[in-house]
Number of protein chains: 4
Amino acid sequence: MKQKKPKYKQIIEAAVIVIAENGYHQAQVSKIAKQAGVADGTIYLYFKNKEDILVSLFQEKMGMFIEKIEDEIKLKQSAADQLYTLIEKHFSLLAEDHHLAIVTQLELRQSNKELRLRINEVLKGYLNVVDKIITSGKETGEFREDLDLRLTRQMIFGTIDETVTTWVMNDQKYDLSKQAKQVHDLFIYGFVKSK
Amino acid sequence: MKQKKPKYKQIIEAAVIVIAENGYHQAQVSKIAKQAGVADGTIYLYFKNKEDILVSLFQEKMGMFIEKIEDEIKLKQSAADQLYTLIEKHFSLLAEDHHLAIVTQLELRQSNKELRLRINEVLKGYLNVVDKIITSGKETGEFREDLDLRLTRQMIFGTIDETVTTWVMNDQKYDLSKQAKQVHDLFIYGFVKSK
Amino acid sequence: MKQKKPKYKQIIEAAVIVIAENGYHQAQVSKIAKQAGVADGTIYLYFKNKEDILVSLFQEKMGMFIEKIEDEIKLKQSAADQLYTLIEKHFSLLAEDHHLAIVTQLELRQSNKELRLRINEVLKGYLNVVDKIITSGKETGEFREDLDLRLTRQMIFGTIDETVTTWVMNDQKYDLSKQAKQVHDLFIYGFVKSK
Amino acid sequence: MKQKKPKYKQIIEAAVIVIAENGYHQAQVSKIAKQAGVADGTIYLYFKNKEDILVSLFQEKMGMFIEKIEDEIKLKQSAADQLYTLIEKHFSLLAEDHHLAIVTQLELRQSNKELRLRINEVLKGYLNVVDKIITSGKETGEFREDLDLRLTRQMIFGTIDETVTTWVMNDQKYDLSKQAKQVHDLFIYGFVKSK
DNA sequence: AATGAATGAGATTTCATTCAT
DNA sequence: TATGAATGAAATCTCATTCAT
């Protein structure tokens, strides 16, 4: 009774596992149902169609993802600290959930354009957090005033995303969280020697 | 020798067009054959299977891509100039070929994991060029000695790739090449105020 | 006793509405339940299965249909008058109930063979009335003695049924009852000029 | 080589057999393919979808049906003779092809409304033949001048159709063709005693 | 009597690949 | 070399019915 709709979450968790272990194209509804311990038809009591499972999965997971990151960021004063927190939290949250990392970095990208557009909508929440840090850093004088918002955002997201993807494709062999500091330094100071 | 296997190239060009215009999942072999002006069966005289078309497409196009970039880079002395050339050339080459930009940034990413692994193999050639620039910069003292090769490479590739993808998803509305300078500055100087 | 099982009638009326408005193949049990204001499971307290709803519907409606026609016919002396009454009453009863007309003429015909056989059983009551008129007409000398009972019955039912169906398919645009006289004349006098 | 597309006809003949023997709702595409001796996918080289098989079947068969009837009718002078020929030919053509009779009278009527609308389009060709006979009869003075075209057409088609359907539902036990004369007499002279 | 969440069987259609010509 | 007709495996989703409450 505590959980109002346990089956909804149950099916989403099952989808993460099935997709991570079998790959996007081998994640049939029947496999997800079996993993969730429900009948195939039950899936359709909670989701409109298969695509809806995937979008919901992304929304649920990414929603919590953003929430956790925002909670941590609030505790930081400087934009530089906030940026570090974003990176570190992004890395550690995915490092903690191997299945989710595989699903978001590799499998869900195989979805068709329409699904990807809907996933991008969800991503906007994340990018807004990034934007806030950049803008704040420019206002406090920590960052250059002439930083282009879009380009800077693309650098931050592109770098973090590529770093995680490489880590996943290398079978998550090394400690991702430990790289946060170096990535942060690259963002803040660039390639040149800092005095 | 120049025209030895015209159909091979013909089919690859057809594949680029068909994928760009119809999307990865709507690019059936029969559609590519029609676009190339050959029979379905003829495709299989030149390619082992459908995946082979896509890998070959990527190899051919990325091969020329890398070649052109390397040619330009050779003319530059400093690592910073080389990096700028890499960015600018990457942007301009894709801006020149809208179809190719769509195919590499959006459509080919929908392929399955196996195909993406083979595409990554091809990408290594590009990443080697990046690595050479980074190493050279560290040796000449232009870049910090403690730059992590992999992380720096991921930042460069991740940022450029995300920038191009965003540009493609925005229907290539703005001038991509013009952003090379700003991206370069972000890499070199980071977010902080340069003196 | 009047209101002994109100839900039974309630469900049948709901079925007529749902089938008329959604079509036979879109008349799911859950839709009928909703229209009747009961739960899906409740249906099965009153009907054995879905087919049973449809047969019961036909029995109820056709029972009243036949009763009304028989009541009117009793008042007529001659077979010709009885035949006219049959036609006119058949037309007017369906013209009065658009939903029922759609259900019996179009939708219920899409049912499977087995259901149609059971519907035919119900129809026999109607055909008996027809037979009585024919036999009576032959006995009184109004009709030819050599009329084949089955063929004559098929002509009467086939013509009336086809006339109603065409009228329903034409969206019940014209006044069906007004055609009773002409149809009756066709039966009695045939195509040739009567003297 | 004589037959340009033998598979097309082959599949239609297979569909008639499968539908007649298994019923409309048990006539899966795979069953039709098996009966036709082709692969499931081959069906879709010749037909857009399953509905297209059924419409094509009806068009092909009804087209030949009408053609044959028209050929015979042309040889007759009087409208009465033409009407007799129509009835007799209608009966004998269906009596000759038991499978077709089952399919047209029982099975195809279970199709959904859209398919039935398309079938009705095809039926118009038949009804036009009927109309021509009626009009001709009125012009020559054989039939009453005040015959309503639509009602008369409905009587002819309704009666013939009902007669055939009853015969099919009675397992085609009796000789249908032999009833043509009596049906014709009913049309021409009606129920009353002719002098 | 009444509920309604859960069940699970079943069929159309696509498309990469083959192979006889 | 080139053709293109034929193949056949494989998966989403619906909905009548049940049964624990």
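For the numbers below, each heavy atom of this structure counts, side chains included, while hydrogens, waters and symmetry mates do not. Within every chain, numbering begins at 1; the chains are lettered A, B, ... in the order of the sequence lines, protein sequences first and strands thereafter.
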D:I43 CD1 to F:dG8 C1', in whole Å, measures 13 Å

Using a 4.0 Å heavy-atom cut-off across all strands, classify B:Y46 as base, sugar-phosphate, or nothing. sugar-phosphate

Name the stems with DNA chain F in them: runs of three or more consecutive Watson-Crick or G-U pairs, distances under 3.5 Å? E:2-21 with F:2-21

Where A:H99 and A:A20 come nearest, the two heavy atoms and their spacing: CD2-CB, 3.4 Å

Every protein N/O within reach of nucleotides 10-14 of chain F N/O, cut-off under 3.5 Å:
unit_1, atom_1, unit_2, atom_2, d
F:dA11, OP1, A:Q28, NE2, 2.8
F:dT12, OP1, A:K50, NZ, 2.9
F:dT12, OP2, A:V29, N, 3.2
F:dC13, OP2, A:Y44, OH, 2.8
F:dC13, OP2, A:K50, N, 3.0

Could you list where the contact with chain D starts and ends along DNA chain E, reading 5' to 3', using a 4.0 Å heavy-atom cut-off? E:dA11 to E:dT14

Less than 4.5 Å apart, any side-chain heavy atom of A:I19 and any of A:L54? yes

B:K7 vs F:dT1: side-chain N/O to OP1/OP2 distance below 4.0 Å: no

Give the minimum heavy-atom separation between B:N112 and A:H25, together with the two atoms involved. CB-CD2, 4.4 Å

Taking D:N49 for its side chain and D:D52 for its backbone only, find out whether a donor-acceptor pair lies under 3.5 Å. yes

Flag for C:Q110-C:E107: side-chain donor and acceptor within less than 3.5 Å: yes

DNA chain E: 5'-proximal contact among A:L45 and C:G37 (nearest heavy atom): C:G37

Quick one: closest heavy-atom pair of C:A36 and C:Q10, and the distance? O-NE2, 2.8 Å

Can you name the nearest heavy-atom pair linking A:L106 to A:V168, along with the distance? CD1-CG1, 3.7 Å

Under a 4.0 Å N-O cut-off, is there an ion pair linking B:E121 with B:R118? no

Sub-3.5 Å donor-acceptor pair from the side chain of A:K50 to the main-chain atoms of A:V29, do we have one? no

For residues D:S111 and D:I119, report the shortest heavy-atom separation together with the two atoms involved. OG-CD1, 4.3 Å

